[in-house]
Amino acid sequence: MSRIAGVLLVLAGASLPIGCGETHDDTDAGGGRDVGTRADAPGADGSALDAPSALDCGPVGLPTCVSGDCCTSPVDGIFLPGTCTPGCPDGTVDQALCDPAPGCGGGFGLCTLTEDCVLQANTCCGVCGAPELTDLDAIHRDQRSAHFMSVCPEPMPCPECPTARNPNLGATCNDANRCQGFDVRDLPLSECEVDSDCRLRVTECCECGGDVSPFSLIAIRTDGGAAYEALVCSGDVICDDCAPTYPDSHQAYCRDSHCVVDFAPDSGG
């Protein structure tokens, strides 16, 4: 082959189209928007190009939504179509606003103040020993009889067994004006890394005059007092300025990243 013929062949090959038959330039003339037909490209699946996403709408919290008259079956909240307004899918409502219908075993928790709220067993007989939060409902104190009739429509003989109070459990009136149960051991106000992060506290709103008997105490972070007061105090409570004397038999410890109460060393416990 002559040198001229070889050059002509090279030039001819350079003008041939790319094998896949498509351009590999993913930008438009404006310089920047991906116009490819990848599966995850906007509009590739027929969805609206302007449908907002969590990223488009910024750090907006979505509600937890529930369906049914009894406020059951939680589902994730959504952005309402074409907007950045948080809401719930059709057929569901915001869990914080849901009011269970009569006969659902709920609907007894509407409140105004935290002192309105108490915990009550969600079965006829309760549990033996100390209950956990799943064994109790947070209700308005004036609804205790109605709540009992709801969870125990046919009273039955209860087993004879020891029962105890769990001081870590309590009820508060949340921002949706509904009684809500809590376990101090699950809250940020009891998070810790070492034992020195923790201290003892009475369960009442005011420490001064509170019950300091060993098995009525809780443990919180040393800087968790204000957060605990916000949880259990109603309105602008003014507490007397006195420090309770906590028993030497018990101390606050850091266990599994949360403060707990246990026997002090050499206490015989």
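- Residues Gln251 and Phe263 form no side-chain contact, since every pair of their non-hydrogen atoms from C-beta on lies 4.5 Å or further apart.
- Cys205 contributes atom SG, which lies 11.0 Å from atom CD1 of Ile238 (distance to the nearest 0.5 angstrom).
- For a disulfide, the SG atoms of both cysteines must be under 2.5 angstrom apart; this holds for Cys206 and Cys239.
- A donor-acceptor contact closer than 3.5 angstrom links the side chains of Gln180 and Asn174.
- Rounded to the nearest 0.5 angstrom, Leu189 CG and Leu231 CG are separated by 7.0 Å.
- The side chain to side chain contact (heavy atoms under 4.5 Å, CB included) check on Thr64 picks up Pro74, Gln95, with sequence neighbours excluded.
- Between the CG atom of Leu200 and the CD1 atom of Ile220 there is a distance of 9.5 Å, given to the nearest 0.5 Å.
- Between Arg185 and Glu132, at least one side-chain nitrogen of the basic residue sits less than 4.0 Å from a carboxylate oxygen of the acidic one, meeting the salt-bridge criterion.
- A distance of 6.0 Å separates SG of Cys254 from CG of Asp197, quoted to the nearest 0.5 Å.
- Atom CG of residue Asn166 and atom CD1 of residue Ile218 lie 10.5 Å apart, to the nearest 0.5 angstrom.
- The side chain to side chain contact (heavy atoms under 4.5 Å, CB included) test applied to Thr85 returns Leu80, Thr83, not counting sequence neighbours.
- In this structure a side-chain-to-backbone donor-acceptor pair under 3.5 Å is present from Glu204 to Asp211.
- Sulfur atoms SG of Cys192 and Cys259 are positioned 2.5 Å or more apart.
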Assess the residue pair Cys124 and Cys158 against the criterion (disulfide bond (SG atoms under 2.5 Å apart)); give the C-alpha distance rounded to whole Å, side-chain angles, the decisive distance to 0.1 Å, and a yes or no. CA-CA 8 Å; Cys124 282; Cys158 293; over 6 Å; no
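- Among residues two or more places apart in sequence or in another chain, the side chain to side chain contact (heavy atoms under 4.5 Å, CB included) test is passed with Asp262 by Tyr253, Arg255.
- For the cysteines Cys179 and Cys111, the sulfur (SG) atoms lie at a distance of at least 2.5 angstrom from each other.
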As a quick check of understanding, evaluate side-chain contact (heavy atoms from CB on, under 4.5 Å) for Asp116 and Cys173, giving each step before the final call. CA-CA 8 Å; Asp116 293 338; Cys173 186; 5.6 Å; no
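- The shortest distance between side-chain heavy atoms of Pro89 and Cys65 falls below 4.5 Å.
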Worked verdict on Val232 versus Thr172 for side-chain contact (heavy atoms from CB on, under 4.5 Å): CA-CA 6 Å; Val232 301; Thr172 187; over 6 Å; no
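- Pro214 and Pro247 get closest at one heavy-atom pair: CG-CG, 4.2 Å.
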Steps toward side chain to side chain donor-acceptor pair (under 3.5 Å) verdict (Arg165, Thr203): CA-CA 12 Å; Arg165 172 176 173 251; Thr203 59; 3.2 Å; yes
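- The two atoms that bring Gln120 and His147 nearest to each other are NE2-ND1, 3.2 Å, heavy atoms only.
- Taking CG of Asp137 as the reference point, atom SG of Cys117 lies at 12.0 Å (rounded to 0.5 Å).
- Shown here for Val261 and Leu217, the closest heavy-atom pair between the two residues is CG2-O, 3.8 Å.
- Checking Tyr246 against Glu207 by side-chain atom types alone, a donor-acceptor pair falls below 3.5 Å.
- Atom CG of Asp223 has more than 12 neighbouring heavy atoms from other residues, nucleotides or ligands inside a 6.0 Å radius.
- Without hydrogens or angle criteria, Ser234 side chain to Glu115 main chain gives a donor-acceptor distance under 3.5 Å.
- Contact between Asp183 and Leu187 at its shortest, heavy atoms only, is O-CG, 3.5 Å.
- Looking at Ile78, Asp76, Val75 one by one, the single match for side chain to side chain contact (heavy atoms under 4.5 Å, CB included) with Thr92 turns out to be Val75.
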Is there a side-chain contact (heavy atoms from CB on, under 4.5 Å) between Val66 and Val93 once you walk through the steps? CA-CA 6 Å; Val66 290; Val93 296; 4.1 Å; yes
Quick one: do Arg144 and Ile139 satisfy side-chain contact (heavy atoms from CB on, under 4.5 Å)? Show the steps, please. CA-CA 7 Å; Arg144 283 176 288 193; Ile139 62 171; 3.8 Å; yes
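- Of all non-hydrogen atoms in Gly61 and Pro86, the two that sit nearest each other are O-CB, 3.6 Å.
- Val151 approaches Asn122 most closely through the heavy-atom pair CB-O, 3.7 Å.
- The backbone N or O of Leu110 sits nowhere less than 3.5 Å from a side-chain atom of Arg178 that would complete a donor-acceptor pair.
- Side-chain rings of Phe108 and His140 stay apart, their centers remaining 6.0 Å or farther from each other.
- Counting heavy atoms from C-beta on, the side chains of Arg221 and Cys198 never come closer than 4.5 Å.
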